[in-house]
Visitor: 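I am attaching a structure below and will ask some questions about it afterwards.
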Amino acid sequence: MGARGPRRQLPDALERWLEAEREQLVLWLPVMLGTGIAAWFVLPDAARWIGFTLGCLALGLAAAALPGGGRAPRVVAVAGLMLAAGCALIWWRSERVAAPVLARPAVVLVTARVERVEQLPARDMVRVTLVPQGHADLPPRVRVNLARGDAPEGLARGAVVRLRARLMPPPPAAVPGAYDFVRVAWFGGLGATGKGFAPVEIVEPAAAPGADLRTRLSTHIQSRIAGSGGGIASALATGDQGAIAEADSEAMRRSGLAHLLSVSGLHVTAVTAAAMLLVLRLLALSPALALRWRLPLVAAGAGALASVGYTLLTGAEVPTIRSCAAALLVLLALSLGREAITLRLVAAGAFLVLLLWPESLAGPSFQLSFAAVTAIVALHESPRVRGWFKRREEGMGRRFLRWLGALLLTGIAVELALMPIGLFHFHKAGVYGALANIVAIPLTTFVIMPLEALALVLDVAGLGAPAWWLTARALDLLLWLAHTTASAPGAVAALPAMPGGAYALIVVGGLWVALWRTRMRWAGALPFAIGLGWALLTPPPDLLVTGDGRHLAIRTASGEMALLRDRAGDYTRSMLGENSGAEEEALALLSEVPGARCSPDLCLVEVQSGARRWRVLATRSGYLVPWREMVALCRTTDVVVSDRRLPPGCTPRWLRLDRDMLAKTGGVAINFADARVRTVRSGGSHPWLDPLTVQPPFVVPRNGR
């Protein structure tokens, strides 16, 4: 008996802990489902997916079959089943959305039905998603960019158009850690992207009246408020961010206010609450209605209709649908007399979204929105925090200070939750976002959005000008706040590369702290701290090479990053800067770096790392270097980079990155200190890596028909 006692202490303690946390266990259902989804993205091929799914099923069934019952075996059983379900769900989803992808770039003449039109006035173009009609040699859905002047009147959803376009397969991430558009395009059904050329002929006009309501509303708003202010106003009303200048958009990101630009929980909540309040106040004016009807229930129904209508108006994007579903759950809870906003509601919303769009887990939108909401609700569900900020009999000044303290604490909690996600996906995060949001969120929710709604209503009678003027001044204040915060010293935390393992530890630690209620929750601080330390101690790459071999960034002796080509576009400069930990403005030109030897065709640079000196050679033009000279140079260098096929005799001492090799690896990141090489295509058989392709037709001449 004495020997058995200690062996039973741990299981008994586990049972007591799970019993104390029984109300929180359901919150882990979407976490386990999401972990299974994440495992499918991380594991490389079908053999591992099958092994993971079967292993989790076996674990769950074995736990369910254990004698004696208890809460712990049931928890393990459900967790195993959820893990297996998540992996199987995303696998099924990836196969269900499978569509052919264009095999190679081509110029084609295409007749297609317009599926979506996105106005991007800040970039002076229009983005159009097309469904080709009668083209077996094209993917079922393509997306092209048109110059604004080339977009004809009547270009709207449902119209049939004919145009000439240069199409290419969706591009993968340029370097490890960069935006992986090919994966996003796969789940969006896009088989090609490119540029369209004038003339664009309307073969058949849009049949459905009002089909272009979103575009017309955005255009109307932008005609009332010029510049980025109008772009923000249209983003709040329709989700269209195309009119926001890049400088202003970057300031919003650096200041931690970018979440205000994407229609999500804040906007849907404001619209729903405004509709409920308006209907409730109007109906309450009638004593007969107030006595006979349950006005709060009627107002909740009006709020639900407003939420659904706003979601449809803003394009029904996944983040907006997610927020709409959460709003409907809140309204249902209010109608049933239950507490409206709880972690269970957040978990139910996350579970629903993952069931319908499991691929959204890998995107920053899902992670940012649910992390923010979870942090807010978990903070305010804490009994201690509730005690600090609950209403009490006190003066107006103390009440305001208490409200301000609650807002500041909430902002800090949200920033702590969002900063690791921003650093992982975007390699930068605003440091002063908590302070900026104290002003920006009330300004947007209680001033800008109501004024804009009032202006739109008054425009029906042609009386909206004063309201638009006030809206514009409020938007100017918001932009001033964004630029002031973004330009403050130390406003942005930058991290060039966060290992996936470090990010996983941070997420696990954060969820452990947020979802449990007993003292064991603080054990989550350990994996969080380990992951954060791992991320901060990970050195930035010394050499980045894009997948086409045309561009590279290399760390020089002074520690700055230098670009190979002086004509790198803004996107390339920004992408290489973010992924190397350097500001775009701080990127130098390799030809101007002391010690680098560059000609119009070649650049040779030496990099000291530890006790070793690395020699890197790169081609920088389309002209061929004499064969003997190139072979001799290759033999004296460690790394050779080229956007074309190098001669067989070019054998560097360590690594050859030419067109053939980069086609297999994709973009490359190298750390010279430990000779570590990371690649975009690191093996695996996810469907977007080797999709079914269609061969495009022959090139069409400019005046071809």
Side-chain angles (χ1 to χ4, degrees), residues 4-43 46-95 329 342-362 366 370 374 378 381 501 504-505 507-524 526-527:
R4 247 183 105 189
R7 286 201 302 268
R8 290 294 306 167
Q9 287 180 1
L10 183 59
D12 290 345
L14 180 61
E15 285 292 332
R16 288 194 298 272
W17 174 60
L18 290 175
E19 179 63 25
E21 296 277 15
R22 63 185 182 276
E23 297 296 329
Q24 307 300 114
L25 293 177
V26 69
L27 304 179
W28 289 89
L29 286 176
V31 176
M32 292 297 104
L33 186 69
T35 303
I37 295 170
W40 184 84
F41 281 108
V42 172
L43 296 174
R48 271 79 168 186
W49 306 335
I50 293 173
F52 178 86
T53 304
L54 294 179
C56 292
L57 282 175
L59 175 65
L61 294 176
L66 285 176
R71 196 176 295 275
R74 295 200 299 272
V75 168
V76 174
V78 173
L81 294 177
M82 285 293 102
L83 289 168
C87 187
L89 178 64
I90 184 61
W91 192 357
W92 170 81
R93 171 73 173 169
S94 70
E95 297 296 335
L329 289 173
T342 65
L343 281 176
R344 289 195 169 205
L345 171 68
V346 178
F351 195 81
L352 177 63
V353 171
L354 291 178
L355 283 179
L356 297 177
W357 301 281
E359 70 275 10
S360 65
L361 177 79
F366 176 92
F370 274 104
T374 301
E381 279 192 353
L505 286 173
V507 171
V508 168
L511 287 172
W512 193 271
V513 171
L515 300 187
W516 295 127
R517 284 292 169 263
T518 62
R519 291 182 179 178
M520 275 296 294
R521 68 190 299 185
W522 300 115
L526 179 61

Visitor: Indicate the atoms forming the closest heavy-atom contact of Ala514 with Arg521, along with that distance.
Guide: O-NH2, 4.2 Å

Visitor: Is there a side-chain contact between Trp40 and Pro358 (heavy atoms, below 4.5 Å)?
Guide: no

Visitor: Write down the atom of Gly34, the atom of Leu361, and the distance for their closest heavy-atom approach.
Guide: O-CD2, 3.1 Å

Visitor: Report the distance from atom CZ of Arg48 to atom SG of Cys87, rounding to the nearest 0.5 Å.
Guide: 13.0 Å

Visitor: Any side-chain to backbone donor/acceptor pair from Glu15 onto Gly70? Under 3.5 Å, distance only.
Guide: no

Visitor: Any side-chain to backbone donor/acceptor pair from Gln24 onto Trp516? Under 3.5 Å, distance only.
Guide: no

Visitor: Which heavy atom in Ala77 sits nearest to a heavy atom in Gly60, and how many Å separate them?
Guide: CB-O, 3.3 Å

Visitor: Taking atom CZ of Phe351 and atom CG of Leu356, what is their separation to the nearest 0.5 Å?
Guide: 10.5 Å

Visitor: Give the minimum heavy-atom separation between Ala72 and Leu14, together with the two atoms involved.
Guide: CB-CD2, 3.8 Å

Visitor: Quick one: pull up CZ in Arg71 and CG in Leu18 and give me the separation to the nearest 0.5 Å.
Guide: 7.0 Å

Visitor: Would you give the length of the straight line joining atom CH2 of Trp91 to atom CZ of Phe41, rounded to the nearest 0.5 angstrom?
Guide: 14.0 Å

Visitor: Considering non-hydrogen atoms only, spot the tightest contact between Leu83 and Met32 and give its length.
Guide: CD2-O, 3.4 Å

Visitor: Do Leu511 and Trp28 come close enough that some side-chain heavy atom pair is under 4.5 Å?
Guide: yes

Visitor: Report the distance from atom CG of Leu54 to atom CH2 of Trp49, rounding to the nearest 0.5 Å.
Guide: 14.5 Å

Visitor: Decide yes or no for Leu345 and Thr342: does some side-chain heavy atom of the first lie under 4.5 Å from some side-chain heavy atom of the second?
Guide: yes

Visitor: Would you indicate whether the side-chain heavy atoms of Val31 and Leu27 approach each other to under 4.5 Å?
Guide: no

Visitor: Pick from Ile37, Ile90, Leu89: which one makes a side chain to side chain contact (heavy atoms under 4.5 Å, CB included) with Glu359?
Guide: Ile90

Visitor: Does a side-chain N-to-carboxylate-O contact under 4.0 Å join Arg16 and Glu19?
Guide: no

Visitor: Other residues, nucleotides and ligands only: do more than 12 of their heavy atoms fall within 6.0 Å of CZ on Arg517?
Guide: yes

Visitor: Atom CG in Leu81, atom CG in Leu33: separation rounded to 0.5 Å?
Guide: 11.5 Å

Visitor: Which atom names give the shortest non-hydrogen contact between Met82 and Leu29, and what distance separates them?
Guide: CG-CD2, 3.8 Å

